[in-house]
Amino acid sequence: MDTLQIISYTGVFVFAVTGVLKARTKRFDIFGAVVLAFVTAYGGGTIRDLLIGVRPVNWVNDNLALVIVVLSTIITFFFKLNTTLIKKSIFWVDAFGIGLFTIVGIQVALRAGISNGYALVMGIITATFGGLLADVLCNKVPSILKPGELYATACLLGGGLYLVMLNYHLQSETSMIISILVIASIRIFAIRKKLQLPII
Amino acid sequence: MDTLQIISYTGVFVFAVTGVLKARTKRFDIFGAVVLAFVTAYGGGTIRDLLIGVRPVNWVNDNLALVIVVLSTIITFFFKLNTTLIKKSIFWVDAFGIGLFTIVGIQVALRAGISNGYALVMGIITATFGGLLADVLCNKVPSILKPGELYATACLLGGGLYLVMLNYHLQSETSMIISILVIASIRIFAIRKKLQLPII
Amino acid sequence: MDTLQIISYTGVFVFAVTGVLKARTKRFDIFGAVVLAFVTAYGGGTIRDLLIGVRPVNWVNDNLALVIVVLSTIITFFFKLNTTLIKKSIFWVDAFGIGLFTIVGIQVALRAGISNGYALVMGIITATFGGLLADVLCNKVPSILKPGELYATACLLGGGLYLVMLNYHLQSETSMIISILVIASIRIFAIRKKLQLPII
């Protein structure tokens, strides 16, 4: 397993914990928590794969995916994970996770022969539609659609930057790291400054 | 670009505006409005393509689709588009758009080797499930499922007529125009007369 | 049509009636009821097929599927089907239907080359995600995610048992019947004893 995979599964773990915490606010049972964890972590990539025609979708047959999601549920079940310190750590890892998911989504789309514009769309979907699906399952309006956190905007700008850098033949790994840092920075800066998109 | 495509993209534009207006009632931000516009315009065709196995789904790599959806959001953002005249125009174009989407959906399904009965189902899905998905994202019961407008019934009757005409080898374009007119007429007539299906 | 298919379509019919009854509580119209019936009966298998890449999804071109779903709606419309006797019958057939859907889902997944662990996931999805989708369309939190009935747990245990028996080369039909009985028994026992999973 290389560095990228370790980072990637760390992102999955944090996304999954976010899903479990969402399930807790709705008083779901343990099965419901596993479903919400899985949907939060893998829902975006699943929608991307369905739309561009990758089959089976990426996580099918990846046993580690299942293990990490179940583990995230068990850990969140036994340790309450509601302390300020842990919430802060989750926030930080989540910001970088979104960056990573955006770039990985773009890469998967490009490899499937998708044009630059739609690869960017697929990157945003990969990073944000897991949370959207989880919100739908919680019977609430997806928070990504409402003013609040420049979540998708960060993915759009950082993902766009990544495509520009690729276009100028910058080294792929360097481009990736820069773009992820940009996405995480925009997201963190936007929350600090309470920036948000205008209401339609 | 031929006449059919121009009509088709006009339909997409109007469906997208409908989505943006729905986003406005929920006070979504601009990103949320683009998502709702896209889902309203392309959601039905996307579900159809996924079910029958067309991949990637129809709009992937169609840059004009993205442009029209973003444009519909920007226009609706700057011009309030809430006047009675504009709402009336939207209603009329929407009625014909539903007709067009039904027939195009049937054609796509038939071309993919789907039987007549399910091609009709796919036509109805194409015309109506974009709005259904948008309603789900707005956290409301999809209006298409509740008594109100003979929306799906119009698609069913007009789409069925189209299949009968195809079966009798009528000229395809004539059949298409007649069926679209029938769907739009039933829909408009039903609203005028407040016709609705019985509650289950 | 063999015994398995007759049992299978009986399960579909009962699942569909469950969907129609759900539509009734929401005062949907007849079209809405057909949609809910179809989604309840075939939604789980549809999600499974999309995830593992079977295309078109299983019910496309199966005219009997459409006939049974429409029939279930019409019958539920004319006969109120709300008597205690009928509800009890539905409950019993539903318990066995869930067992059957789980095992069939596992078989479809294994045939598509899916690993044991994910075949079990696909079995659970087949049995439970139709009801989940129907709940989403009714704008309520999916009951499968909340403490209540050991629904998914029964599928997990019975499906796991099926995979173990397959692994020990037990005769496939015997394994199938035993597993379905186990799933139905756990479900019925859990409801009698009011067993439920802990809240997350």
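Numbers restart at 1 for each chain; the letters A, B, ... are given by sequence-line order, proteins then strands. Bear in mind that the values here come from a model prediction, so they are computed numbers and not experimental data.
Heavy atoms of other residues, nucleotides or ligands lying less than 6.0 angstrom from CD of Gln171(C) number more than 12.
When the heavy atoms of residues 150-167 of chain C are compared with those of chain A, the residues falling under 4.5 Å are Ala152(C), listed by number. Using a 4.5 Å heavy-atom cut-off against chain C, no residue of residues 92-119 of chain A qualifies as contacting. Against chain A, the residues from residues 187-200 of chain C that qualify, each with a non-hydrogen atom under 4.5 angstrom away, are Leu197(C), Pro198(C), Ile199(C), Ile200(C) in number order.
Among all heavy-atom pairs drawn from Val136(C) and Leu137(A), the shortest one is CG2-CD2, 4.0 Å. Taking both residues in full, the closest heavy atoms of Asn139(A) and Lys140(C) are given as ND2-CA, 3.8 Å, listed atom of the first, atom of the second, then distance. Between Phe28(A) and Val141(C), the shortest heavy-atom contact is CE2-CG1, 3.4 Å.
We find the NZ-NZ distance between Lys146(C) and Lys26(A) to be 8.5 Å, quoted to the nearest 0.5 Å.
Looking at Val60(A), both its backbone and its side chain come within 4.5 Å of chain C, counting heavy atoms on both sides. Both the backbone and the side chain of Ala23(A) come within contact range of chain C, with heavy atoms under 4.5 Å apart. Only the side chain of Leu50(A) has a heavy atom closer than 4.5 Å to any heavy atom of chain C.
A search for salt bridge (Lys or Arg N to Asp or Glu O under 4.0 Å) contacts involving Lys22(A) returns Asp135(A), not counting sequence neighbours.
In terms of non-hydrogen atom pairs under 4.5 Å with chain C, the most contact-rich of Val34(A), Val35(A), Ile30(A) is Ile30(A).
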Discussion item. As a quick check of understanding, evaluate side-chain contact (heavy atoms from CB on, under 4.5 Å) for Leu66(A) and Val121(C), giving each step before the final call.
Written reply: CA-CA 9 Å; Leu66(A) 204 53; Val121(C) 170; 3.9 Å; yes

